[in-house]
Novice: 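To start, I am sharing the structure in question, which I have written as structure tokens.
Proteins get letters first, then strands, A, B, ... in listed order; numbering begins at 1 in each. Bear in mind the structure is a predicted one, so any value in this text is a computation, not a measurement.
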Amino acid sequence: MNAIEFKLRQIIQSAVLTAYNLELSFDDIVIENPKIKEHGDYSTNVAMQLAKQLKNNPRAIASSIVTEIEKTAHPFDKLEIAGAGFINMVVKLEVLTSIIPTILNEDEKYGLGQTKEHPSFNIEYVSANPTGDLHPGHARGAAIGDALSRIMKCAGYNVSREYYINDAGNQINNMAKSLRARYLQVCGLNEEVPEDGYHGKDLIDIAQEIYDINKDAYKDLAYEESVALFKKLGLEAEILKLKKDLELFRCEFDVWTSEQSLYDRGLVIAALEKLKKLGHTYDHEGALFLKTTDYGDDKDRVLVKSDGTYTYLMPDIAYHLDKKERGYDQLVNLWGADHHGYIPRMKAALEALDYKSEDLHVDIIQMARMIKDGEEFKLSKRTGKAVALKDLIDEAGVDAVRYYFVSKAGDTHMDLDLDMATSSSSENPVYYAQYAHARMCSILRVESPQEINDYSLLTHEKERDLMMILADYPQWIQNSASLRQPHLMCLYIHKCASGFHSFYNECSVLKADDEALKLQRLALTKAVQITLRNALELIGVSAPEKM
RNA sequence: GUCCUCAUAGCUCAGCUGGAUAGAGCAUGCGCCUUCUAAGCGCACGGUCGGGGGUUCGAAUCCCUCUGAGGACGCCA
């Protein structure tokens, strides 16, 4: 809660205590910003909540609470009982203006929450297979995951960002075979990409690069040797490309974990042995099953196939075990919707390994359906028709793409009109916020704010609105982080920008009626600029000083 | 068939722990630049919150059910 709401809760808490000898916890006191101006700056519904418990009607309770508050030295200009029993509050101006010096002092630190070392969070996101370009579906997860990480860090959480590289398994062999075919094609040989291989253009490019460097040196290798080589070359190229694309998209990771390294370090065998030892596995028709049904899954899952190889699940279990053993308390995974059926078995596996399934949070990122020319545009790395994230960035820019994806909750189905997203930029909502920031900067370029301690002239309705929004910023960060809903930050950004545009239109800063008012508005403008800039930073969108 | 996620304005989406008259953007219509950036502001138009029950002072929000959309149900990854 913000500083003002904190104070209001204290006041209400003590009033209820005096009036009814009842101790309310802070969490039970709801303070809201009414949508309607006449309902004051803040309102609370405590009286209605207490009605049942006190066996009295809400308005009577509200009246007693107001009477108690009025006996004290309170910060209100007006207290009013309305509707079914709301208490509406209009706070004194100095309560609102106190936020300005706070922001100017804290500057880039405004909004930072108290550091919470525990629990520690591991946020795993994107984790796209290194078999082709990132497509817009990944971009949605990338934008949301990165913004969530930034927001949680800012809110004070201990966060580590992680990418799981699936560099072992069949899909990689398919990639290797496909790349090999492409290379041989470049060498002028008549070689077909396997039916179930990857047909994307990106492999042609990589094959060409390999050819440019090595010419046809790898042309006559024996099949096995050749596939192994192209597996290595392909992985190097694909992972490098992934890292570059993600960097371009301003997504950072603290840890990259390779699936292959789990095997190399013996972690897969270790995880398997642990499951066996704890008695959660059994043999059936030559395969080894994990009894996930013991923990709520609808059927048991194969860990080791009858041919002796592992299923995808096995290294993934080892990976999650590894994350827990590296000391993270809470594991957050951002998975595509096509993996949601996978959640029960992963949670079951954690339980089987004596960890709590509640410590694994899988947030599903729904598919982003691409629309082009009014028709759905299917994305497939294999058909080669996919729009790459890089194409999207080239067309629309990182800021616009990130804002677009972060501004919508991850769990809703979403349509992205490629024509719209890549068309004339002024239609894009991100510019609304950036433009507000640029406007502030252009004022602040003309005249710098001075240190003042009197803000008593900021009485305009738009000024009050703006200060309320500014005071609310830390709370939005906390909500956004604890609910793991980064799109709330976009709502805040829009609110903040809108508040400023509106103020800008009605209140002249540099040409204010008198010098004192000008200085106060300059300070307010600086405070908004700081807040908006900080907020944009949290979703990885730039705050330009000129546009 | 079983399970998961969703369904809010013409379109794309918000709606924070249940609150007062459900909000933005785009689209449409009308105003506002001799004044700090008009990528803006103001006003208007537009919704049985998919249908039906229930819970309660009060439901878009919670529960049940039906319908519809997408997804998952492999000894693929």
Side-chain angles (χ1 to χ4, degrees), chain A residues 27-28 30 32-36 38-39 43 45 48-49 51-52 57-58 82-86 88 129 131 166 168-172 174 196 259 284-289 298-299 301-313 315-316 336-344 364 366-367 369 371 404 407-409 411-417 420 424-432 434-436 438-447 475-476 479-480 483 485 487-488 490-492 494-495 497-498 500-512 518 521-522 525 546-547:
Chain A
D27 295 336
D28 291 338
V30 179
E32 301 181 303
N33 295 118
K35 291 167 197 157
I36 298 159
E38 288 70 45
H39 295 160
S43 80
N45 62 356
M48 285 130 94
Q49 289 187 317
K52 205 173 209 176
N57 83 70
F86 290 97
N88 295 335
N129 289 347
T131 52
N166 290 110
N170 280 342
Q171 82 284 3
I172 297 303
N174 283 338
D196 57 350
E259 181 184 357
H284 179 65
E285 293 178 352
L288 189 74
F289 281 72
D298 55 357
K299 62 177 84 161
R301 306 293 169 176
V302 174
L303 295 178
V304 185
K305 296 180 260 180
S306 50
D307 67 1
T309 61
Y310 296 119
T311 60
Y312 174 72
L313 181 60
D316 218 14
D338 52 341
H339 285 77
H340 84 257
Y342 200 73
I343 299 171
I364 290 301
Q366 285 291 345
M367 301 284 166
R369 200 167 58 151
I371 307 289
Y404 191 84
S407 67
K408 281 123 176 104
D411 60 1
T412 56
H413 302 276
M414 179 181 101
D415 286 348
L416 170 60
D417 190 328
M420 243 269 272
S424 66
S425 49
S426 62
E427 287 175 15
N428 209 302
V430 70
Y431 296 98
Y432 182 80
Q434 294 186 315
Y435 185 59
R439 273 183 151 180
M440 295 174 217
C441 289
S442 99
I443 293 173
L444 296 168
R445 258 195 305 276
V446 176
E447 192 163 340
Q475 182 55 43
W476 279 79
N479 285 346
S480 187
L483 298 168
Q485 307 223 313
H487 77 274
L488 294 178
C490 285
L491 289 188
Y492 180 81
H494 185 269
K495 206 173 162 160
S498 165
F500 180 77
H501 280 311
S502 190
F503 158 78
Y504 180 94
N505 228 258
E506 288 198 34
C507 307
S508 182
V509 177
L510 297 174
K511 289 170 184 143
K518 182 183 81 179
R521 284 183 173 166
L522 263 175
T525 300
K546 280 183 184 171
M547 279 176 79

Novice: Looking at Tyr435(A), I'd like to know whether one of its side-chain N or O atoms comes within less than 4.0 Å of OP1 or OP2 on rA39(B).
Specialist: yes
Novice: Quick one: Ile343(A) CD1 to rC73(B) P, roughly how many Å, whole number?
Specialist: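 Checked: the CD1 to P distance equals 12 Å.
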Novice: What is the ring orientation for Phe503(A) with Phe500(A), classed by angle as parallel under 30°, tilted 30 to 60°, or perpendicular over 60°?
Specialist: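 Answer is tilted, since the angle falls between 30° and 60°.
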Novice: Calculate the interatomic distance between Lys546(A) atom NZ and rC36(B) atom C1'; express it in whole Å.
Specialist: 14 Å
Novice: Between His501(A) and Ser498(A), is any pair of side-chain heavy atoms under 4.5 Å apart?
Specialist: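 The answer is no; the side chains never approach within 4.5 Å.
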Novice: So, do Glu447(A) and Leu522(A) sit near enough that their side-chain heavy atoms are less than 4.5 Å apart?
Specialist: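 Yes, side chains in contact.
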Novice: How many Å lie between OH on Tyr504(A) and P on rG40(B), as a whole number?
Specialist: 13 Å
Novice: Find out whether Asn166(A) and Ile172(A) are in side-chain contact, i.e. whether some heavy atom of one side chain is under 4.5 Å from a heavy atom of the other.
Specialist: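 Contact flag for Asn166(A)/Ile172(A) side chains = no.
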Novice: What is the distance from CD1 of Ile443(A) to C1' of rG40(B), rounded to the nearest Å?
Specialist: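 After rounding, the reported distance stands at 12 Å.
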Novice: Which part of the nucleic acid, if any, lies within reach of Cys441(A) when heavy atoms closer than 4.0 Å are counted: base, sugar-phosphate only, or nothing?
Specialist: nothing
Novice: Should Arg521(A) be listed as having a side-chain N or O under 4.0 Å from OP1 or OP2 of rC36(B)?
Specialist: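 It does not, given that no N or O in the side chain of Arg521(A) lies less than 4.0 Å from OP1 or OP2 of rC36(B).
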Novice: Which whole-number value in Å describes the distance from Gln366(A) CD to rC13(B) P?
Specialist: 12 Å
Novice: Round to a whole Å and report the spacing from CG of Asn129(A) to P of rA77(B).
Specialist: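 Rounding to the nearest Å, CG of Asn129(A) and P of rA77(B) are 11 Å apart.
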Novice: Mind checking His413(A) for me? I need base, sugar-phosphate or nothing, with any heavy atom below 4.0 Å counting as a touch.
Specialist: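 The residue His413(A) makes base contact.
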Novice: Strictly below 4.0 Å: does Tyr404(A) bring a side-chain N or O up to OP1 or OP2 of rC26(B)?
Specialist: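 No, outside the criterion.
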Novice: Quick one: label His39(A) by what it contacts on the DNA or RNA (base, sugar-phosphate, nothing), any heavy atom closer than 4.0 Å.
Specialist: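 Touches a base.
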Novice: Please classify the nucleic acid contact of Ser502(A) as base, sugar-phosphate, or nothing, using heavy-atom distances under 4.0 Å.
Specialist: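 Result for Ser502(A) = sugar-phosphate.
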Novice: Which value, in whole Å, describes the distance between the P atoms of nucleotides rC41(B) and rA27(B)?
Specialist: 13 Å
Novice: Which is true for Tyr310(A) with a 4.0 Å heavy-atom rule: it touches a base, it touches only sugar-phosphate, or it touches nothing?
Specialist: sugar-phosphate
Novice: Using whole Å, what does the distance between atom P of nucleotide rC76(B) and atom NE2 of His339(A) come to?
Specialist: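 It works out to 15 Å between those atoms.
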Novice: Hey, does Ser306(A) reach any base, or is it just sugar-phosphate, or nothing, if we go heavy atoms under 4.0 Å?
Specialist: base
Novice: Are any of Lys299(A)'s side-chain N or O atoms less than 4.0 Å away from OP1 or OP2 of rG74(B)?
Specialist: yes
Novice: Parallel, tilted or perpendicular: which describes the rings of Tyr432(A) and His494(A), with under 30° parallel and over 60° perpendicular?
Specialist: parallel
Novice: Tell me the closest heavy-atom pair linking Thr131(A) and Gln171(A), and the distance in Å.
Specialist: CG2-O, 3.8 Å
Novice: Under the rule syn = chi within 90° of 0, otherwise anti, which is rC33(B)?
Specialist: syn
Novice: Does Lys518(A) place a side-chain N or O at less than 4.0 Å from the phosphate oxygens OP1/OP2 of rC36(B)?
Specialist: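 No, Lys518(A) has no side-chain N/O under 4.0 Å of OP1/OP2 on rC36(B).
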Novice: I'd like to check Tyr342(A) versus Arg301(A) (side-chain heavy atoms, cut-off strictly below 4.5 Å). Are they in contact?
Specialist: no
Novice: Hey, does Lys305(A) have a side-chain heavy atom less than 4.5 Å from the side chain of Thr311(A)?
Specialist: yes
Novice: Across the strands shown, which category fits Thr309(A) at heavy-atom distances under 4.0 angstrom: base, sugar-phosphate, nothing?
Specialist: nothing
Novice: For a quick check of understanding: with a heavy-atom distance under 4.0 Å over all strands, which category does Ala512(A) fall into, base, sugar-phosphate or nothing?
Specialist: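 Result for Ala512(A) = nothing.
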Novice: What integer distance in Å separates Leu510(A):CG from rU35(B):C1'?
Specialist: 11 Å
Novice: Scan nucleotides 14-19 of chain B nucleotide by nucleotide, 5' to 3', and note B when protein non-hydrogen atoms come under 4.0 Å of the base, S if they reach only the sugar-phosphate, - if neither.
Specialist: SSBB-B
Novice: Please classify the nucleic acid contact of Val509(A) as base, sugar-phosphate, or nothing, using heavy-atom distances under 4.0 Å.
Specialist: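 Base, at least one base atom sits under 4.0 Å.
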Novice: Ignoring hydrogens and angles, does a donor from either the side chain of Asp298(A) or the base of rA72(B) sit under 3.5 Å from an acceptor on the other?
Specialist: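 Result: no qualifying N/O pair found.
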Novice: Across the strands shown, which category fits Glu506(A) at heavy-atom distances under 4.0 angstrom: base, sugar-phosphate, nothing?
Specialist: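 It contacts nothing in the nucleic acid.
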Novice: Counting the atoms with a prime plus P, OP1 and OP2 as sugar-phosphate, which does Ala337(A) contact under 4.0 Å by heavy atoms, base, sugar-phosphate, or nothing?
Specialist: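 Contact class for Ala337(A): sugar-phosphate only.
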